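Single-structure report; data block below.
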Amino acid sequence: MVVGDVTTGTELLVIGGGPGGYVAAIRGAQLGLDTTLVDRDAYGGTCLNHGCIPSKALISASDVAHDARQAESMGVFADPAVDMAGMTEWKDGVVTRLTRGVESLCESAGVNLIEGTAEFVDDGTVRVAHGGEGQGSESLSFEHAIVATGSRPMAVPGFEFDGEHILSSKDALALESVPEKLLVVGAGYIGMELSTVFAKLGAEVTVVEMLDDVLPGYEDDVAAVVRDRAEDLGIDFNFGEAADDWDETDEGIRVQTVDEDDSVTEYNAEKCLVAVGREPVTDTLALENIDLQTDENGVIPTDDQCRTAFESVFAVGDVAGEPMLAHKAMAEGEVAARAAAGEPAAFDHQAIPAAVFTDPEIATVGMTEEEAEAAGFEPVIGQMPIRANGRALTVNEKEGFVRVVADADEEFLLGAQIVGPEASELIAELGLGIEMGARLEDIAGTIHTHPTLSEAVHEAAAAARGEAVHTR
């Protein structure tokens with residue numbers, strides 16, 4: 001660490017070590033730029049440390065316990081005990097291995113790593129404040145800067161996170177015991193994933209949501225499969241209610257909600273998880289010093305090269321807006337690094353997949369039927385129910401479907417929606433198809449391994465052409 005305030009220079013400065021930032025830094029160094037990465041927390045960002053990876057680790061672990069308890073129909077009888085502290089320790093081991101891997105990859109690529117918080121002084125300089133008493137600060141001049149500071153959980157007014165009673169998703173992922181009663185505010189993808197985890201681990205889970213269904217933004221029939229499965233797990237949903245106030249009780253907390261008629265409902269719980277969305281982290285950057293404006297949602301506007309209003313400053317990942325997805329951030333990081341190195345590069349939003357790791361999983365890419373119509377296409381739809389797929393039945397899965405959306409005239413693939421087992425893996429084939437300009441006949445004419453879940457993709461494409469064999 002540098003004590004005092006000295007100035008050094010770098011060609012490419014990356015602020016934030018999450019998926020967008022570390023990918024941009026590694027690619028920039030590989031392209032020959034003297035690259036410096038500044039991160040104030042832990043390499044890998046929210047995704048590796050407090051989001052994607054730890055949540056999927058707990059999802060997998062809770063699935064093991066739940067599936068064992070529910071396997072009687074397969075002739076397996078078990079009642080596994082859950083050691084939440086041990087599960088959390090295992091999850092933390094996975095996280096540590098990956099974050100150390102990111103740091104090692106950066107160092108191997110020749111990236112200069114600095115721990116601290118960076119803020120702009122002007123459009124060619126930042127000051128980095130190092131954590132810890134007496135650690136001081138240093139200034140860095142740069143030719144190009146990439147802002148990749150990510151996002152954080154949004155709080156509900158009056159429900160500020162305290163880590164004890166009112167939990168963020170980060171807090172929930174660090175619990176070492178399963179709450180007897182958990183109240184979840186918000187039925188978006190984070191709320192639904194974590195509600196499912198804790199229900200499978202034995203918690204009594206209640207979800208309150210302002211809107212009229214789970215997973216806003218997804219088609220009704222997609223959300224319905226996940227909602228029905230969650231209700232089968234014992235999760236209780238209360239729609240049209242907003243969290244209004246809370247207080248402590250001897251058993252935990254009491255939360256009040258209000259609906260559009262101002263009717264008040266009270267819920268008692270041990271803990272309350274607030275999962276109402278995420279907001280970009282830009283308030284640490286002193287953007288006012290370079291007169292860089294954010295929009296009403298705190299997002300930094302960018303062009304197709306991820307460049308901001310300043311030629312020398314880029315923004316990638318969550319700070320650049322929706323969708324707030326790690327793989328989108330990585331792709332933008334690549335584009336920004338290449339643009340900074342003077343290479344031709346542009347970001348294409350056409351085929352960004354999204355996945356929700358609920359039970360069952362959801363995965364989408366491209367357009368829905370409604371979006372295709374709005375874009376001027378005459379869409380044709382092909383759908384394969386999961387219950388008709390042999391491999392799905394052998395893993396005791398019956399609910400869900402694979403749906404493809406194509407242009408009726410040319411049969412170009414436009415989009416896909418999958419809800420079912422391993423949806424997050426199956427969507428890759430369809431994303432590749434959209435990216436390559438594939439037609440329905442390309443997918444329907446590709447021999448898929450039997451018996452596999454991917455046969456449902458093949459059959460959906462065939463169904464869209466009126467050539468389905470295994471469905472009516």
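We use all heavy atoms of the structure for the numbers below, so side chains are in, but hydrogens, waters and symmetry mates are not. As the structure is a computational prediction, the values presented were derived from the model and not from experiment.
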**OP:** Assess whether atom CD of Gln30 is packed by more than 12 heavy atoms of other residues, nucleotides or ligands within 6.0 Å.
**Re:** yes

Original post:
Heavy-atom distance under 4.5 Å between the side chains of Leu12 and Ile146, does that happen here?
Top reply: yes

**OP:** Take atom CE of Met84 as the centre, draw a 6.0 Å sphere, and report whether it contains more than 12 heavy atoms from other residues, nucleotides or ligands.
**Re:** yes

Original post:
Would a distance-only check, ignoring hydrogens and angles, find a side-chain to backbone donor-acceptor pair under 3.5 Å from Gln417 to Met367?
Top reply: yes

Subject >> Interatomic spacing from CD in Glu288 to CD in Gln293 - rounded to 0.5 Å >> reply: 9.5 Å

Original post:
Between Asp295 (side chain) and Asn297 (backbone), is there a donor-acceptor pair under 3.5 Å?
Top reply: yes

Original post:
What residue pairs, at least two apart or across chains, pass side chain to side chain donor-acceptor pair (under 3.5 Å) with a residue in residues 322-341?
Top reply: Arg27-Glu334, Lys328-Glu332, Arg338-Glu343

**OP:** Report the residues that fulfil side chain to side chain donor-acceptor pair (under 3.5 Å) with Glu361, sequence neighbours left out, ordered by chain and then residue number.
**Re:** Ser424

**OP:** For residues Thr364 and Val222, determine if any side-chain heavy atom of one lies less than 4.5 Å from a side-chain heavy atom of the other.
**Re:** no

Original post:
Atom CG of Asn268 and atom CH2 of Trp246: how far apart are they, to the nearest 0.5 Å?
Top reply: 13.0 Å

Original post:
With no hydrogens and no angle check, is any side-chain donor or acceptor of Ser104 less than 3.5 Å from a backbone partner on Arg100?
Top reply: no

Original post:
More than 12 foreign heavy atoms under 6.0 Å from CD of Glu231: is that the case here?
Top reply: yes

Subject >> Sidechain-backbone polar pair: Gln305 side chain, Ala345 backbone, donor-acceptor under 3.5 Å >> reply: yes

Original post:
Salt bridge or not for Glu369 and Arg403, using N-O below 4.0 Å?
Top reply: no

Original post:
Is a side-chain donor or acceptor of Thr46 paired with a backbone partner of Gly18 at a separation under 3.5 angstrom?
Top reply: no

Original post:
Are any non-hydrogen side-chain atoms of Leu58 and Leu173 less than 4.5 angstrom apart?
Top reply: yes

Original post:
At what distance, to the nearest 0.5 angstrom, does CZ of Arg229 lie from CD1 of Ile235?
Top reply: 11.5 Å

Original post:
Can you name the residues that form a side chain to side chain donor-acceptor pair (under 3.5 Å) with Thr308, not counting sequence neighbours?
Top reply: none

Original post:
Are side-chain heavy atoms of Ser169 and His50 found at a separation under 4.5 Å?
Top reply: no

**OP:** Could you tell me whether Lys56 atom NZ has more than 12 heavy atoms of other residues or ligands within 6.0 Å of it?
**Re:** yes

**OP:** Give a yes or no answer on whether the side chain of Thr10 reaches the backbone of Asp34 with a donor-acceptor pair at less than 3.5 Å.
**Re:** yes

**OP:** Find the distance between CG (Leu273) and CD1 (Ile190) and round it off to the nearest 0.5 Å.
**Re:** 9.0 Å

**OP:** Please tell me if the side chains of Tyr218 and Val356 come closer than 4.5 Å, counting only heavy atoms from C-beta onward.
**Re:** yes

Subject >> All pairs passing salt bridge (Lys or Arg N to Asp or Glu O under 4.0 Å) where residues 198-217 contributes a residue, at least two apart >> reply: Asp63-Lys200, Lys200-Asp359, Asp213-Arg227

Subject >> Enclosure of Glu266 CD (heavy-atom neighbours >12, cutoff 6.0 Å) >> reply: yes

Subject >> salt bridge (Lys or Arg N to Asp or Glu O under 4.0 Å) contacts in which one or both residues fall within residues 40-49, not counting sequence neighbours >> reply: none

Subject >> Check: Asn49 side chain, Tyr43 main-chain N or O, donor-acceptor pair, under 3.5 Å >> reply: yes

Subject >> Sidechain-backbone polar pair: Glu11 side chain, Glu143 backbone, donor-acceptor under 3.5 Å >> reply: no

Original post:
Is there a donor-acceptor pair under 3.5 Å between the side chain of Thr149 and the backbone N or O of Val147?
Top reply: no

Pairs of donor and acceptor atoms involving the side chains of residues 153-168, under 3.5 Å and at least two apart or interchain, shall be tabulated with distances.
| unit_1 | atom_1 | unit_2 | atom_2 | d |
| --- | --- | --- | --- | --- |
| Glu160 | OE2 | Gly158 | N | 3.2 |
| Asp162 | OD1 | Glu164 | N | 2.8 |
| Asp162 | OD1 | His165 | N | 2.8 |
| Asp162 | OD1 | Ile166 | N | 2.9 |
| His165 | NE2 | Glu248 | OE1 | 3.4 |
| Ser168 | OG | Lys170 | N | 3.3 |
| Ser168 | OG | Asp171 | N | 3.2 |
| Ser168 | OG | Asp171 | OD2 | 3.2 |

Original post:
Quick one: does Asp407's side chain have a donor or acceptor within less than 3.5 Å of a partner on Phe377's backbone?
Top reply: no

Subject >> Asp247, CG atom: more than 12 neighbouring heavy atoms under 6.0 Å >> reply: yes

**OP:** Determine whether more than 12 heavy atoms belonging to other residues, nucleotides or ligands lie under 6.0 Å from atom CD of Glu370.
**Re:** no

